[in-house]
Structures are given as C-alpha cells and as structure tokens.
Asker: 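One structure, as structure tokens, below. Some questions next.
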Amino acid sequence: MAKDPVRVLVTGAAGQIGYALVPMIARGVMLGTDQPVILHMLDIPPAAEALNGVKMELVDAAFPLLKGVVATTDVVEACTGVNIAVMVGGFPRKEGMERKDVMTKNVSIYKSQASALEKHAAAGCKVLVVANPANTNALILKEFAPSIPEKNITCLTRLDHNRALGQISERLSVPVCDVKNVIIWGNHSSSQYPDVNHATVATPSGDKPVRELVKLNAEFITTVQQRGAAIIKARKLSSALSAASSACDHIRDWVLGTTEV
Ligand SMILES: NC(=O)C1=CN([C@@H]2O[C@H](COP(=O)(O)OP(=O)(O)OC[C@H]3O[C@@H](n4cnc5c(N)ncnc54)[C@H](O)[C@@H]3O)[C@@H](O)[C@H]2O)C=CC1
Ligand SMILES: O=C([O-])CC(=O)C(=O)O
C-alpha cells in the first residue's frame, strides 16, 4: 500500500541551499525512495518571484514522489501541518565574518517562526535548524516553541561530521563509507572539535583505528573547523550542495535510523 505523503517545510527555499535541497527531498534522498512528500516552501516577499520559479522547476522536473508544493511568503500557511521543518531561511555570512556575526539578523526570524511552528505544525514535528548561528537559532526556536518536545529540535552539525569523513577519506584514499565513529564536539562554529580518537577504517584485515593509519594533527582539526570559511573564499558564497546533502543525511538517519552502530 502506498504511504501517505509527509509534509516537509523548507524555509529560505529560494536561496542557494534551498535550491539544492528541495530536489533532493523530492527525489527521496531525505525520506526514502518509497516516501511521497508534499513540499512547503517559505521565503520573504522580495524573493516571492524567485520562489515561484523554484516551484515551476519542481513541476517541470516531474518527480514521481512529489505530491504537492506549497510556495508561500505566509509563515502560517507554510507551517501548517508540517511533519518535518528544515529551517534554512536567514542570512549567510560573507568572507571575513564569523557565523555569530549574523546573529542579530537571524535570531529574530527564529522567534516568529517558532511561534508559527508551535501553533500550526503537525504533532511530533521534527525540526532541523540550518541557518547560522545554527545552535543559537535552535535554542531560540526551542524557547519560543515550548510545546514542541526539546528532543525534536536539532541543528545541523552533520556537515562538520561529513567534512571530517571527507578529509580522512582523502588522506587515506579510502571510500567515505569505510570510515566510522568520527565525532564532532561543540557548536557549528570555528570552536568545534573534530574527534577521531574512536574512528576506524575498514581494511582487508578488519577495522583499524584511523590514528594507526594516518597522523591527524592540528592541521586536520583546523581544516575541518575552517572548511566553511574556505568554501566562502573559493566560491564567494557559502556552502550549499554539501549543506543540503548533510541536511538530508541528518533527517534520514533521524527518521529512518542507520544501518549499523
Ligand atoms: N549549519 C550549516 O551547516 C550551514 C548553515 N548555513 C547557513 O544557512 C543559511 C542559508 O544559507 P544560503 O541558502 O546560502 O543563503 P541564501 O541567502 O542563498 O538564502 C537564504 C534565503 O532565506 C531567505 N530568508 C531571509 N529571511 C527569511 C525569513 N524571515 N523567512 C524565510 N526566508 C527568509 C532569503 O530570502 C533567501 O532566499 C545561512 O544562515 C547560512 O549561513 C550555510 C551552510 C551550512
Ligand atoms: O561557513 C558558513 O558560513 C556556512 C556554514 O555554516 C558552513 O559552510 O559550514
């Protein structure tokens, strides 16, 4: 029997992460290739025309799993009935800034959107905050949506985890899927701590500690900590496809679980 569609909200959907993320969701990357979805896309009035363009492209792509699209600048309409909320809307930092430098602009957005989610989202809605400073915005959202269980409000540090996996995989010339048990401690900021003390790599003679195979010193830690800034320097825009893909990983593992521990 076909599953009922899941309603997924993406705020800031006309922006660059939104543009990378919505087709991934519509293709089943986030919730599985047997899970129909209805996309709710929110942006602000100056971006309404661009948002409508994204909606047109979603229609043109003819995604079999996509059962509907709500594209709106009305926060209540956007939040109504959503089962998953991916909060991307906000302003990105520019070269030379820290993520906390966009705090004043972005935090106020999360107060008002928290109230709309609290009143209008489906029971059990799972929330992922992507917009920076992501941990602080998630905290604000939690404060202003007290009836959403705390454990349902998360923020995106999976990108940092994936970056650490990518660095190890490149340095050892092994597939990313062979690297396990990397931990990121701390906030999604340059003070985070990528921890490879428990990390292992699959080898023909069994799993081996990463530390036995490669020296991961301060340079590795700084590379992961500063990767967002390095992307901004290279693209003149902050990361988007890797952020969108990591948001899908985050929600997929949360909703569907992981295959092994
Ligand atoms: N946690 C993480 O790992 C990452 C977080 N980010 C953050 O994600 C956020 C979005 O990044 P981009 O998509 O590159 O930015 P962008 O500027 O391309 O898009 C942001 C979109 O949000 C919209 N927006 C602004 N205020 C809004 C509001 N009140 N309600 C709804 N939409 C609103 C804008 O109109 C725009 O379309 C930034 O804060 C960025 O720093 C970016 C990469 C990784
Ligand atoms: O660095 C930024 O501003 C965007 C971001 O959070 C990241 O790429 O990790």
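Remember, it's 1-based here, ligands and their atoms both numbered in the order they're listed. These numbers come from the heavy atoms of this one structure, side chains and all, not from hydrogens, waters or symmetry mates.
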Asker: Check each of Arg163, Arg227, Lys94 against atom 9 (O) of ligand 2 and report the one with the nearest heavy atom.
Answerer: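 Looking at heavy atoms only, Arg163 sits closest to atom 9 (O) of ligand 2.
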Asker: Could you measure the distance from the CG atom of Leu21 to the CG atom of Leu241? Nearest 0.5 Å is fine.
Answerer: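 CG of Leu241 is found 11.5 Å from CG of Leu21.
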Asker: Looking at atom 2 (C) of ligand 2, what's its closest protein heavy atom, distance included?
Answerer: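 Of the protein heavy atoms, Arg93 NE, 3.2 Å lies nearest.
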Asker: Would you mind running through ligand 1 and noting each atom that sits below 4.0 Å from a heavy atom of Val88?
Answerer: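 Going through ligand 1 atom by atom, the ones under 4.0 Å from Val88 are 9 (C), 10 (C).
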Asker: So if you build clusters from Ile, Leu, Val, Met, Phe, Trp, Tyr with side-chain heavy-atom gaps below 4.5 Å, do Ile109 and Val88 land together?
Answerer: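 Different clusters: Ile109 never reaches Val88 through Ile, Leu, Val, Met, Phe, Trp or Tyr contacts under 4.5 Å.
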Asker: Let me confirm one number: the CZ-CD distance from Arg163 to Gln226, rounded to the nearest 0.5 Å.
Answerer: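 Interatomic distance, Arg163 CZ to Gln226 CD, rounded to 0.5 Å: 10.5 Å.
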Asker: In terms of atom number and element, which parts of ligand 2 are under 4.0 angstrom from non-hydrogen atoms of Ile232?
Answerer: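 Atoms satisfying the 4.0 Å criterion: 1 (O), 2 (C), 3 (O).
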Asker: Any nitrogen or oxygen of Gly18 lying under 3.5 Å from a nitrogen or oxygen in ligand 1? Just yes or no.
Answerer: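 No.
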Asker: With heavy atoms of Leu159 as the reference, note each atom of ligand 1 found under 4.0 Å away.
Answerer: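 Matching atoms, with element in brackets: 3 (O), 44 (C).
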Asker: Establish whether Leu31 and Val69 are linked, either directly or via other cluster members, by ILVMFWY side-chain heavy-atom contacts under 4.5 Å.
Answerer: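 Yes, because Leu31 and Val69 connect within a single hydrophobic cluster, where side-chain heavy atoms sit under 4.5 Å apart.
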Asker: So between Asn135, Asn106, Val130, Asp43, whose heavy atom ends up nearest atom 23 (C) of ligand 1?
Answerer: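 It is Asp43 whose heavy atom sits nearest to atom 23 (C) of ligand 1.
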Asker: Measure Arg99 to ligand 2 on non-hydrogen atoms and call it side chain, backbone, both or neither using the 4.0 Å cut-off.
Answerer: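 Just the side chain.
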Asker: Heavy-atom contact under 4.0 Å between Gln113 and ligand 1?
Answerer: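 True for this residue.
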Asker: Look only at interatomic distance and state if Ile17 has a nitrogen or oxygen under 3.5 Å from any nitrogen or oxygen of ligand 1.
Answerer: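 Yes: some nitrogen or oxygen of Ile17 is under 3.5 Å from one in ligand 1.
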Asker: Can you sort out which atoms of ligand 1 are near Ile44, meaning under 4.0 Å from one of its heavy atoms?
Answerer: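 Those of ligand 1 that fall under 4.0 Å from Ile44 are 25 (C), 26 (N), 27 (C), 28 (C), 29 (N), 30 (N), 33 (C), 35 (O).
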Asker: How many angstroms lie between atom CE of Met87 and atom CG of Asn137, to the nearest 0.5 angstrom?
Answerer: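 That separation rounds to 9.5 Å.
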Asker: Ignoring hydrogens and angles, state whether a donor on the side chain of His188 or Asn135 is under 3.5 Å from an acceptor on the partner side chain.
Answerer: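 Side chains of His188 and Asn135: no pair found under 3.5 Å.
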Asker: Hey, which of Val255, Leu128, Leu9 is the one that makes side-chain contact (heavy atoms from CB on, under 4.5 Å) with Ile84?
Answerer: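 Looking at Val255, Leu128, Leu9, the match for Ile84 under the side-chain contact (heavy atoms from CB on, under 4.5 Å) is Val255.
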Asker: Decide whether an N or O pair under 3.5 Å exists between Thr11 and ligand 1.
Answerer: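 No, there is no polar N/O contact under 3.5 Å.
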Asker: Counting from 1, what ligand 2 atoms have a heavy atom of Asn132 closer than 4.0 Å?
Answerer: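 Answer, ordered by atom number: 3 (O), 4 (C), 5 (C), 6 (O).
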Asker: Does Met97 have a heavy atom less than 4.0 Å from any atom of ligand 2?
Answerer: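 Met97: no contact with ligand 2 (<4.0 Å).
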Asker: Can you tell me if CZ on Arg27 sees more than 12 non-hydrogen neighbours from other groups inside 6.0 Å?
Answerer: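 12 or below, so no.
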Asker: Between Thr223 and Gln167, do the side chains contain an N or O donor and an N or O acceptor separated by less than 3.5 Å?
Answerer: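 No, Gln167 and Thr223 have no side-chain donor paired with an acceptor closer than 3.5 Å.
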Asker: Which heavy atom of the protein is the closest neighbour of atom 24 (N) of ligand 1, given with residue, atom name and distance?
Answerer: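 That would be Gly90 N, 3.6 Å.
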Asker: Can you tell which of Ser238, Ser239, Ala20, Ala247 gets a heavy atom nearest to atom 43 (C) of ligand 1?
Answerer: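 It is Ser239 that holds the nearest heavy atom.
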Asker: Could you check whether any side-chain heavy atom of Gln113 comes within less than 4.5 Å of a side-chain heavy atom of Cys79, counting everything from C-beta outward?
Answerer: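 They are not in contact (no side-chain heavy atoms under 4.5 Å apart), so the answer is no.
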Asker: Among all protein heavy atoms in this structure, tell me which lies nearest to atom 18 (O) of ligand 1, with the distance rounded to 0.1 Å.
Answerer: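 For atom 18 (O) of ligand 1, the nearest protein heavy atom comes out as Gln16 N, 2.9 Å.
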Asker: Could you grab the distance from atom CD1 of Ile184 to atom CD of Gln225, nearest 0.5 Å is fine?
Answerer: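 Taking CD1 in Ile184 and CD in Gln225, the distance rounds to 9.0 Å.
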Asker: Where the closest heavy atom to atom 15 (O) of ligand 1 is concerned, which of Gly15, Pro92, Pro46 has it?
Answerer: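 Heavy atom nearest to atom 15 (O) of ligand 1 belongs to Pro92.
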Asker: Show which atoms of ligand 2 fall inside a sub-4.0 Å distance from at least one heavy-atom site of Ser239.
Answerer: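 Per the distance check, 7 (C), 8 (O).
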Asker: Can you tell me how far CG of Asp249 sits from CE of Met30, rounded to the nearest 0.5 angstrom?
Answerer: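 Going from the CE atom of Met30 to the CG atom of Asp249 covers 9.5 Å.
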Asker: Tell me, with the steps shown, if Thr136 and Lys100 meet side-chain contact (heavy atoms from CB on, under 4.5 Å).
Answerer: CA-CA 9 Å; Thr136 309; Lys100 62 179 162 44; over 6 Å; no
Asker: Which protein heavy atom lies closest to atom 6 (O) of ligand 2, and at what distance to 0.1 Å?
Answerer: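 Ranked first by proximity to atom 6 (O) of ligand 2 is His188 NE2, 2.6 Å.
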Asker: Record the part of Arg235 in heavy-atom contact with ligand 2 below 4.0 Å; permitted values are side chain, backbone, both and neither.
Answerer: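 Neither part.
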Asker: For a quick check under 3.5 Å, do Ser189 and Glu98 share a side-chain donor-acceptor pair by atom type?
Answerer: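 Note: Ser189 and Glu98 side chains miss the donor-acceptor criterion.
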Asker: With nothing but distance in play, are any N or O atoms of Ser238 less than 3.5 Å from an N or O of ligand 2?
Answerer: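 Between Ser238 and ligand 2 (N or O atoms, distance only) the closest approach is not under 3.5 Å.
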Asker: If you round to the nearest 0.5 Å, how far is CG of Leu237 from CD of Gln16?
Answerer: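 So the gap between those two atoms works out to 4.5 Å.
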Asker: Just let me know how His188 lines up against ligand 1, side chain, backbone, both or neither, with a heavy-atom cut-off below 4.0 Å.
Answerer: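 For His188, the contact with ligand 1 is made by the side chain alone.
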Asker: How does Ala243 reach ligand 1, if at all, at less than 4.0 Å between non-hydrogen atoms: by side chain, backbone, both, or neither?
Answerer: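 It is the side chain that touches ligand 1; the backbone stays farther off.
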Asker: Starting from atom 26 (N) of ligand 1, find the nearest protein heavy-atom neighbour and note its residue, name and distance.
Answerer: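 For this ligand atom, the closest protein heavy atom is Ile109 CD1, 3.6 Å.
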Asker: Contact between Ile231 and ligand 2, counting heavy atoms under 4.0 Å?
Answerer: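 No heavy atom of Ile231 comes that close to ligand 2.
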Asker: Of the protein's non-hydrogen atoms, which lies at the shortest distance from atom 40 (C) of ligand 1, and what is that distance?
Answerer: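 That would be Asn132 ND2, 3.7 Å.
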Asker: Do Leu156 and Val102 sit in the same hydrophobic cluster, where Ile, Leu, Val, Met, Phe, Trp and Tyr count as joined when their side-chain heavy atoms come under 4.5 Å apart?
Answerer: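 No, no single cluster joins them.
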